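To start, the structure under review is shown below, and the notes come after it.
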Amino acid sequence: MVQRMAQLAKLDDIVALCKRRGFIFQSSEIYGGLASCYDYGPLGVELKRNVREAWWKAVVKMRDDVVGLDCSILMHPLVWKASGHADKFADLVTVCKKCNTRSRVDHLADHHGHAEEHTEHVDIDKAAATPHDLSRKVCPACGAVGQFGAPMAFRLMFETQMGANVEDTMTLFLRPETAQGIFVNFRNVLDTTRVKIPFGIAQIGKSFRNEVTTKAFIFRTREFEQAELEFFCAPGTDDEWYEHWKAERFRWYTDLGIRKENLRFREHDPDELAHYAKACVDVEYRFPFGQGDWQELEGIANRTDYDLRQHQRGMRTVNDWMAAGRDLTAIGLKEEAEDYLSGPLSYFDEQTRQRFIPYVIEPSAGVDRSTLAFLVDAYDEEEVRGEVRNVLRFHPALAPVKVAIFPLVKKDGMPETARALYDDLKRRYASFYDEKGAIGRRYRRQDEAGTPYCVTVDGQTKEDGTVTMRDRDSMEQIRVPLDQVRTWLSEKLDV
RNA sequence: GCGGGUGUAGCUCAGUGGUAGAGCGUCACGUUGCCAACGUGAAUGUCGUGGGUUCAAGUCCCAUCACCCGCUCCA
């Protein structure tokens with residue numbers, strides 16, 4: 001219990017620090033805020049960019065078998081029919097008046113065990129308007145019969161309208177995941193980049209989900225950023241690649257400074273798996289909120305050949321959709337073709353002379369969640385001479401500012417020398433110059449922003465050409481020749 | 001959506017129906033010169049928002065927004 005309180009206090013401290021130092025603000029704050037939405041301030045935007053770049057470097061740049069992509073957020077409505085989101089992302093939910101438990105209407109059974117059939121083509125407005133007889137349904141939580149409130153409709157995808165002319169506007173969805181943009185471009189990439197299976201396509205971008213509840217600061221928000229890789233491989237090699245990406249992705253977090261004891265895998269039980277997934281594991285971080293919960297940072301799934309097969313069905317449904325007046329709820333996906341294995345999204349392997357639908361291993365990471373985890377894990381308070389020192393022990397690659405440059409005092413030519421050094425360093429590293437106030441205060445301010453190194457030009461600089469190099473974590477200082485500062489930093493920072 | 005809690009300066013928080021406060025931080029000047037130093041001064045408030053009660057509301061009442069905790073939900 002004591003530990004739990006400490007953890008709760010810790011998240012509060014981090015939220016306060018985020019606000020105080022300009023990492024993360026509530027969205028639309030001066031208007032009273034907008035639920036579940038957050039803005040990244042000057043330091044936060046640098047941190048988040050660094051997280052993205054670290055991911056892109058590890059997943060795309062450092063590999064010969066992965067290429068990048070950046071898709072539009074708005075896509076053809078049938079994409080979401082094929083992916084299953086258009087149906088599964090719209091539910092009717094009711095609340096048991098007795099125990100206040102929420103259940104999906106289509107999951108409720110009466111005491112004979114008959115669940116209402118899950119209709120595949122849900123028009124949420126029609127479904128909400130249709131009377132539902134729940135008088136004999138049993139609450140799965142408390143067993144009460146017929147104690148349900150009126151069903152509430154949930155739209156789990158955001159909708160928007162495309163077209164300025166009211167008469168030919170089309171309802172579109174904001175993507176609930178970036179993955180589908182990759183599947184939809186599989187053929188394009190294959191035809192234009194000379195990639196050969198096994199290979200992956202990576203993308204970082206915003207996604208949107210109308211979560212029923214949001215949670216814990218930026219952990220679960222309705223607008224969020226994903227970093228996703230779809231790695232295409234031959235059936236039969238998928239288990240191997242699944243293990244490969246599990247190891248790669250776990251190591252990415254620990255290489256960037258997440259402590260191993262705060263990170264773990266959680267393998268999904270077979271009955272927990274989505275119907276198309278052969279295996280799925282979450283990379284979880286022990287966040288200091290809730291009960292000190294392990295919470296998902298990233299899911300790594302073996303999605304088999306499901307997605308590409310679904311999109312082959314989707315492609316064949318376009319005419320039906322047009323004929324139905326572009327009404328997504330009025331149609332069903334075309335059945336899978338008999339020769340689907342040689343369909344438009346199949347792959348021909350020249351070595352084995354075989355054609356197949358590739359299997360997909362999908363590491364899907366939450367950028368905002370990772371950013372929060374890096375913040376939480378880096379956060380430290382320590383007592384120095386009776387004072388609390390707040391320090392963010394970021395990995396150099398993630399630190400928003402890499403180096404701060406100070407003149408010890410604002411006279412005797414020190415500002416000029418320091419300024420010249422700053423002008424040189426900023427071309428290579430995110431740098432910060434400060435000549436105001438006591439030196440100790442300037443150091444501490446940088447500790448709180450997570451800046452790994454501070455360089456101070458002092459009286460000795462004029463005499464022997466050296467400056468003080470101060471280390472964030474140990475607070476130790478060494479002297480480095482002015483003209484070797486850049487080299488010295490590159491050894492420490494370019495890791 | 002339900003239950004509990006919170007909302008006052010940039011941050012942390014005091015504030016008995018009767019003049020809007022403190023500490024920290026920020027800024028300026030001076031001093032000092034390597035770890036949140038000192039002195040002097042300054043700026044900073046839709047008291048979350050909107051109604052109501054009252055001679056008078058930060059304080060009481062109603063509604064609403066946001067955040068936190070617990071349920072619930074969770075491609």
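Nothing here was measured: the structure is a model prediction, and the numbers come from that model. Naming convention: chains lettered A, B, ... in sequence-line order (proteins, then strands); numbering from 1 in each chain.
- Rounding to whole angstrom units, CD1 of residue I218(A) and P of C68(B) are separated by 11 Å.
- Checking C67(B), C35(B), A75(B) against every side-chain atom of R470(A), the shortest atom distance belongs to C35(B).
- When each of A36(B), G33(B), C67(B) is scored by its nearest atom to the side-chain atoms of E448(A), the top-ranked nucleotide is A36(B).
- Pairing for C2(B) is with G70(B), a Watson-Crick or G-U wobble pair whose two hydrogen-bonding atom distances lie under 3.5 Å.
- Nearest-nucleotide positions on RNA chain B place T468(A) closer to the 5' end than the other of G33(A) and T468(A).
- Taking only side-chain nitrogens and oxygens, R441(A) comes nearer than 4.0 Å to OP1 or OP2 of G25(B).
- Side-chain proximity of S364(A) to C34(B), A36(B), A75(B): nearest is A75(B).
- Side chain of Q477(A), nearest nucleotide from C67(B), A36(B), C35(B): C35(B).
- The side chain of K19(A) has C11(B) as its nearest neighbour among C67(B), C11(B), A28(B).
- Taking the C1' atom of each, C11(B) and G50(B) are spaced 27 Å apart, rounded to whole Å.
- Nearest to the side-chain atoms of R445(A) among the listed nucleotides C34(B), A75(B), U26(B) stands U26(B).
- Looking at N302(A), its side chain does come within 3.5 Å of a backbone N or O of T304(A) through a donor-acceptor pair.
- For U31(B), there is no paired nucleotide, since no Watson-Crick or G-U wobble pair has both relevant distances below 3.5 Å.
- Using a cutoff of 4.0 Å between basic side-chain nitrogens and carboxylate oxygens, R266(A) and E296(A) are not scored as salt-bridged.
- Applying the 3.5 Å distance criterion, the base of C34(B) shares a donor-acceptor pair with the side chain of Y443(A).
- Taking atom P in both C62(B) and U19(B), one finds a spacing of 25 Å when rounded to whole Å.
- For the P atom pair drawn from G17(B) and A66(B), the interatomic distance equals 30 Å after rounding to whole Å.
- For the C1' atom pair drawn from C65(B) and A75(B), the interatomic distance equals 29 Å after rounding to whole Å.
- K410(A) places no side-chain N or O within donor-acceptor distance of the main-chain N or O of G437(A), the cut-off being under 3.5 Å.
- Using a 4.0 Å heavy-atom cutoff across all strands shown, A438(A) reaches at least one base atom of the nucleic acid.
- A salt bridge between E336(A) and R309(A) is present, with a side-chain N of the basic residue lying under 4.0 Å from a carboxylate O of the acidic one.
- The gap from the P atom of A9(B) to that of G58(B) amounts to 14 Å, rounded to the nearest Å.
- Distance noted for atom C1' between U8(B) and U44(B): 14 Å (whole Å).
- Pair assignment for A20(B): none, as no Watson-Crick or G-U wobble contacts are both less than 3.5 Å.
- Using Watson-Crick or G-U wobble geometry with both donor-acceptor distances under 3.5 Å, A37(B) finds no partner in any strand shown.
- Residue R220(A) contributes atom CZ, which lies 13 Å from atom P of U72(B) at whole-angstrom precision.
- As rounded to whole Å, 16 Å separates atom C1' of C68(B) from atom CD1 of I24(A).
- Taking atom CE of M469(A) as the reference point, atom P of C35(B) lies 18 Å away to the nearest angstrom.
- No contact: R21(A) has no heavy atom under 4.0 Å from any strand.
- In this model, a donor atom of one side chain and an acceptor atom of the other lie less than 3.5 Å apart for D458(A) and T461(A).
- Across all strands shown, S36(A) has heavy atoms under 4.0 Å from sugar-phosphate atoms exclusively, and none from any base.
- Within the nucleic acid shown, D447(A) has no heavy atom closer than 4.0 Å to any nucleic acid atom.
- Comment: R470(A) engages D447(A) in a salt bridge, judged by a side-chain N to carboxylate O separation of less than 4.0 angstrom.
- Looking at E298(A) and R249(A), a side-chain N of the basic residue comes within less than 4.0 Å of a carboxylate O on the acidic one, giving a salt bridge.
- Distance from the side chain of K411(A) is smallest to G33(B) among C68(B), A36(B), G33(B).
- Within the 4.0 angstrom heavy-atom criterion, no nucleotide atom of any strand lies near V384(A).
- Each of E228(A) and V409(A) lies near RNA chain B, and the nucleotide nearest V409(A) is the one positioned closer to the 5' end.
- A sub-4.0 Å separation between OP1 or OP2 of C35(B) and a side-chain N or O of R472(A) is absent.
- The separation of A14(B) from A22(B), taken at their P atoms, amounts to 16 Å, rounded to a whole angstrom.
- On the C1' atoms, C13(B) is 13 Å away from C47(B), given to the nearest whole Å.
- When rounded to the nearest whole Å, the span between CD of Q460(A) and C1' of C34(B) equals 12 Å.
- Relative to the side chain of E362(A), the nucleotides G10(B), A75(B), C73(B) differ in distance, and A75(B) lies closest.
- For A14(B), there is no paired nucleotide, since no Watson-Crick or G-U wobble pair has both relevant distances below 3.5 Å.
- Among the nucleotides C34(B), U26(B), C67(B), the one closest to the side chain of D458(A) is C34(B).
- Within the 4.0 angstrom heavy-atom criterion, only backbone atoms of the sugar-phosphate kind lie near Y38(A); the bases stay farther away.
- Shown here, A56(B) forms no base pair; nothing in the strands shown gives a Watson-Crick or G-U wobble contact with both key distances under 3.5 Å.
- For U44(B), there is no paired nucleotide, since no Watson-Crick or G-U wobble pair has both relevant distances below 3.5 Å.
- Under the 4.0 Å criterion applied to side-chain N and carboxylate O atoms, R393(A) and D380(A) are assigned as salt-bridge partners.
- One can place NZ of K436(A) at 13 Å from C1' of C29(B), the figure rounded to the nearest angstrom.
- Salt-bridge annotation for K462(A) and D412(A): absent, with no side-chain N of the basic residue lying under 4.0 Å from a carboxylate O of the acidic one.
- Comparing A75(B), C34(B), C67(B) by their nearest atom to the side chain of T456(A) picks out C34(B).
- Separating the CZ atom of R442(A) from the C1' atom of C34(B) is a distance of 10 Å, rounded to the nearest angstrom.
- If you take CZ of R209(A) and C1' of C73(B), they are 13 Å apart, rounded to a whole angstrom.
- For A66(B), the base has no donor-acceptor partner in the side chain of Y31(A) [N/O atoms by modelled type, under 3.5 angstrom].
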